[in-house]
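Here is the structure we will look at, set down as structure tokens.
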Amino acid sequence: MDAEDTLTIDIDGWEGPLDLLLTLARSQKVDLRELSILALVEQYLAFITDARALKLEIAADYLVMAAWLAYLKSGLLLPRDPEVEPDPAELALRLQLRLQRLDAMREAGARLMARDRIGRDVFLRGAPEGLRVIRKPAWQAELYDLIAAYGAVTARNVPVMHVVSRRPVMTLEAALQRVEAMLGHALDWTALERFLPATADPSLTRSSRASSFLAMLELAKQGRVELRQDAAFATLWVRAA
Amino acid sequence: MIGQDERAVEAVLFAAEQPLTLAEIGAAAGEGVDVAAALAALVQSYAPRGIHPVERGGRWHFETAPDLAHILRRTREEPRKLSRAGIETLAIIAYHEPVSRAEIEAIRGVQISKGTIDVLMEAGWVRPAGRREVPGRPLIYATTAGFLSHFGLGSRRDLPGIDDLRAAGLLDPVDDMLFNVEVESAGDEA
Amino acid sequence: MIGQDERAVEAVLFAAEQPLTLAEIGAAAGEGVDVAAALAALVQSYAPRGIHPVERGGRWHFETAPDLAHILRRTREEPRKLSRAGIETLAIIAYHEPVSRAEIEAIRGVQISKGTIDVLMEAGWVRPAGRREVPGRPLIYATTAGFLSHFGLGSRRDLPGIDDLRAAGLLDPVDDMLFNVEVESAGDEA
């Protein structure tokens with residue numbers, strides 16, 4: 001056979017014994033349903049014998065198939081022995097079906113690959129805009145929230161402004177004037193507290209006490225008043241000099 | 001009847017990943033294709049359809065018809081409550097408009113984060129209203145007609161005045177408010 | 001005259017990044033659009049054009065006409081080139097699905113290397129489809145909607161020659177255990 005040489009050389013190219021069998025079957029150039037299994041078995045065994053003669057490495061599964069086919073061949077040639085199960089004719093039919101199946105899938109694969117394929121024969125839209133669902137927040141607020149918020153902002157700012165603009169202090173100058181003016185009326189020893197303005201604000205009291213004390217020290221330095229304190233932390237007395 | 005040139009040009013435009021010049025369409029569609037004539041024919045035959053070939057800056061591409069934009073971009077509304085910073089900022093704009101960002105911050109006593117005014121604009125309640133003619137020319141903001149209708153106000157004069165707020169007790173709980181402000185300003189910075 | 005439904009469906013399909021089911025088209029095109037009727041009208045009106053709406057596995061998309069492949073192909077890369085084992089394995093899965101690896105190997109008469117099914121899964125053509133309830137619970141494989149689109153098949157019924165193969169009994173459940181056992185026992189004797 002012509003094919004034998006190339007087959008021998010290409011032994012590594014087969015995808016297993018079934019692949020080789022199918023190729024040999026195809027070389028019979030008949031419909032696989034009309035295939036002569038006996039002829040196919042002969043071809044396969046001859047191929048393996050040749051390959052061995054050429055001392056080619058033959059994978060074990062090819063030899064297993066060869067052994068099975070040799071067994072099938074003897075079963076097909078010998079008169080039918082009803083004791084032998086399964087029937088060799090049925091095994092031959094099953095082999096034929098297997099080859100048909102593989103052949104059918106091979107052909108189906110080729111036909112699939114030849115279809116109009118996306119990216120080769122037909123093309124999709126190159127730059128689709130896309131369908132987008134945009135989640136848009138629907139902002140919610142009630143009029144009451146708005147008004148209450150403005151009230152909160154306003155209320156937050158009012159006390160801050162009050163403290164800054166109207167901080168109650170008595171300056172040293174104010175204290176000097178006040179003490180000088182009052183000294184004109186008080187001739188005897190007078191307690192420092194008497195010079196302080198009347199107020200309920202404790203921070204103004206502290207401020208005026210400190211300023212008045214400084215004012216008296218200044219006046220004493222100028223020799224215009226006399227100061228007297230009987231003990232530490234005791235009442236501070238003042239009179240015109 | 002649709003000509004072969006027209007079919008080729010339409011397929012080329014459809015499959016292209018970016019808008020194409022006449023020369024690029026011609027190079028793809030092949031020799032002897034009258035691209036300009038094919039495009040003119042396509043523009044006409046697609047005119048009543050939901051998609052059109054259009055030219056933008058010398059390049060052609062397919063676009064969906066402008067009147068169908070709503071079906072391509074479906075918006076789903078999700079109710080969201082305005083943050084406290086948002087509602088306060090909105091209140092300040094409503095009472096003081098037009099007002100700049102710096103002025104809002106001065107009144108609030110707290111910085112406002114970048115997104116706060118954006119949210120109010122997105123809600124359709126606040127709009128930029130020009131610039132204040134002072135150094136830096138800051139943007140100033142005012143409320144919109146959508147603001148009035150959302151809050152059921154005939155005009156801004158319907159907003160209660162400071163005296164009304166005081167009478168309603170909305171200026172009283174100063175200490176509580178101060179406490180809340182501390183908490184909230186920490187949140188704002190985050 | 002092109003109806004409003006047709007325009008909407010055409011724009012939706014055109015803009016979509018993925019093939020869409022009827023329900024998805026309906027959701028995008030809006031209430032009250034007769035999607036099936038619009039698609040039927042579109043198929044007809046696009047028949048002579050260079051691009052067509054097509055259905056693949058229950059999903060619709062636009063693609064270019066196959067006869068224009070020559071002008072579009074030159075700028076494009078060839079799609080994934082499959083090995084012979086890959087092609088056969090894909091065909092076996094497509095025609096026999098769902099099918100286990102052992103069943104694929106029984107048809108091919110050889111073991112399939114580990115990467116063969118992986119390549120098909122990576123291409124998006126094959127997916128695991130559960131397990132066969134037999135000893136060992138082997139994974140079974142089936143094809144995907146992406147397989148149908150890629151190969152231009154409306155459904156698996158459109159697989160070339162599938163009816164003839166089924167009628168010839170070539171797609172019957174694979175049962176070659178006996179044959180394999182025989183081979184082994186014969187081998188033992190050899």
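Convention: sequence-line order gives letters A, B, ...; per-chain numbering from 1. Only a predicted model underlies this, so the values are computations on that prediction, with no experimental measurement involved.
If you measure heavy-atom distances from C/Glu63 to chain B, the contacts under 4.5 Å come from the backbone alone. Using a 4.5 Å cut-off between heavy atoms, C/Leu68 touches chain B through its side chain atoms alone.
Looking at B/Arg7, its side chain does come within 3.5 Å of a backbone N or O of C/Pro48 through a donor-acceptor pair.
With a 6.0 Å radius and a threshold of 12 heavy atoms from other residues, nucleotides or ligands, C/Gln18 has its CD atom at or below the threshold.
Between C/Tyr46 and B/Tyr46, the two ring planes are tilted [angle within 30° to 60°].
Here the closest non-hydrogen pair linking C/Ile71 and B/Ala8 is CD1-CB, 3.6 Å. When all heavy atoms of B/Ala15 and C/Thr64 are compared, the pair lying nearest together is CB-CG2, 4.4 Å. The two atoms that bring B/Ala11 and C/Gly50 nearest to each other are CB-O, 3.8 Å, heavy atoms only.
A distance of 7.0 Å separates CZ in C/Phe62 from CZ in B/Phe14, rounded to the nearest 0.5 Å.
Close approach to chain C, defined as a heavy atom under 4.5 Å from one of its heavy atoms, is seen in no residue of residues 93-101 of chain B.
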